[in-house]
Amino acid sequence: MTTPHSPPPRTIQEARSNAPAPDPNSLIAILHAIGAGAAADGQPWPERHHLRSRQMALSDADCALTGQRIVQEILLAAERTRQNGEPEQYVGDRVMEGLVMADLALTAFIHERMRPKD
């Protein structure tokens, strides 16, 4: 997904105001772009032969996979801290359980988005 095959998603046009344009790299602007179907690299899914709804589903799955990787990296770091670090550095069993639950939820979401609709 290095070269986009379609233009980046456009936001819904609102009434013009005199306020300065928002920064496209702000958290809110990026969240809106993700909500409009941007994949993990910020672009729509590049394969043209899919229907638009399938492109959106694949972009959602791509974003969720990126999030899942981050959750797993945090989980691995926390587990290594539990094994090798000082006891006061360990995040605790509740946080570990929460990270595992977040990973499971992302896995379920990815699975749902990857399966074709019948």
Side-chain angles (χ1 to χ4, degrees):
M1 293 185 51
T2 56
T3 306
H5 295 293
S6 58
R10 287 187 253 153
T11 58
I12 297 173
Q13 296 296 322
E14 297 179 4
R16 293 188 182 249
S17 68
N18 293 335
D23 179 10
N25 294 317
S26 70
L27 178 66
I28 300 302
I30 293 170
L31 286 172
H32 283 294
I34 291 169
D41 64 354
Q43 300 297 319
W45 198 255
E47 298 173 65
R48 294 176 183 249
H49 64 277
H50 293 295
L51 296 173
R52 180 70 178 149
S53 60
R54 186 67 180 148
Q55 289 176 327
M56 295 287 287
L58 291 171
S59 293
D60 288 348
D62 189 41
C63 284
L65 282 167
T66 302
Q68 185 180 37
R69 178 181 172 192
I70 298 300
V71 169
Q72 289 173 341
E73 287 174 358
I74 295 169
L75 186 59
L76 179 60
E79 177 59 19
R80 286 182 180 171
T81 301
R82 183 190 69 79
Q83 293 174 359
N84 304 324
E86 300 299 323
E88 63 273 1
Q89 294 176 336
Y90 178 53
V91 294
D93 292 339
R94 296 283 293 162
V95 173
M96 295 293 283
E97 184 178 353
L99 289 168
V100 170
M101 290 176 68
D103 190 38
L104 287 171
L106 284 167
T107 302
F109 177 80
I110 294 163
H111 180 262
E112 186 270 329
R113 298 305 280 175
M114 292 301 295
R115 299 208 30 99
K117 303 281 185 204
D118 292 333

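Source: prediction; values computed, not measured.
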Chemist: Would you be so kind as to tabulate the donor-acceptor pairs closer than 3.5 Å made by side chains of residues 76-85, with sequence neighbours excluded?
Modeler:
| unit_1 | atom_1 | unit_2 | atom_2 | d |
| --- | --- | --- | --- | --- |
| E79 | OE1 | R82 | NE | 3.0 |
| E79 | OE2 | R82 | NE | 3.3 |
| E79 | OE2 | R82 | NH2 | 2.5 |
| E79 | OE2 | Q83 | NE2 | 2.8 |
| T81 | OG1 | A77 | O | 2.9 |

Chemist: Measure across L75 and M96 and return the closest heavy-atom pair with its distance rounded to 0.1 Å.
Modeler: CD1-CE, 3.8 Å
Chemist: Looking only at non-hydrogen atoms, find the nearest pair between A61 and R113 and report the distance.
Modeler: CB-CB, 4.1 Å
Chemist: What is the distance from atom CD of Q68 to atom CG of L104, rounded to the nearest 0.5 Å?
Modeler: 9.0 Å
Chemist: Any link between V100 and L65 through a network of hydrophobic side chains (Ile, Leu, Val, Met, Phe, Trp, Tyr) touching at under 4.5 Å?
Modeler: no
Chemist: State, to 0.1 Å, how close G67 and L106 come at their nearest heavy-atom pair, and which atoms those are.
Modeler: C-CD1, 3.7 Å
Chemist: Is there a path of hydrophobic side-chain contacts, each under 4.5 Å between heavy atoms of I, L, V, M, F, W or Y residues, that connects M101 with V91?
Modeler: no
Chemist: Quick one: pull up CG in D103 and CD1 in I70 and give me the separation to the nearest 0.5 Å.
Modeler: 12.0 Å
Chemist: Who passes side-chain contact (heavy atoms from CB on, under 4.5 Å) against E88, sequence neighbours left out?
Modeler: E86
Chemist: Where is the tightest heavy-atom contact between A102 and V71, given as atom of each residue plus distance?
Modeler: CB-CG1, 4.3 Å
Chemist: Working to the nearest 0.5 angstrom, can you tell me the gap between I74 CD1 and Q72 CD?
Modeler: 10.5 Å
Chemist: Please go through F109's hydrophobic cluster and name the other residues, only I, L, V, M, F, W, Y counting, with side-chain heavy atoms under 4.5 Å joining them.
Modeler: none
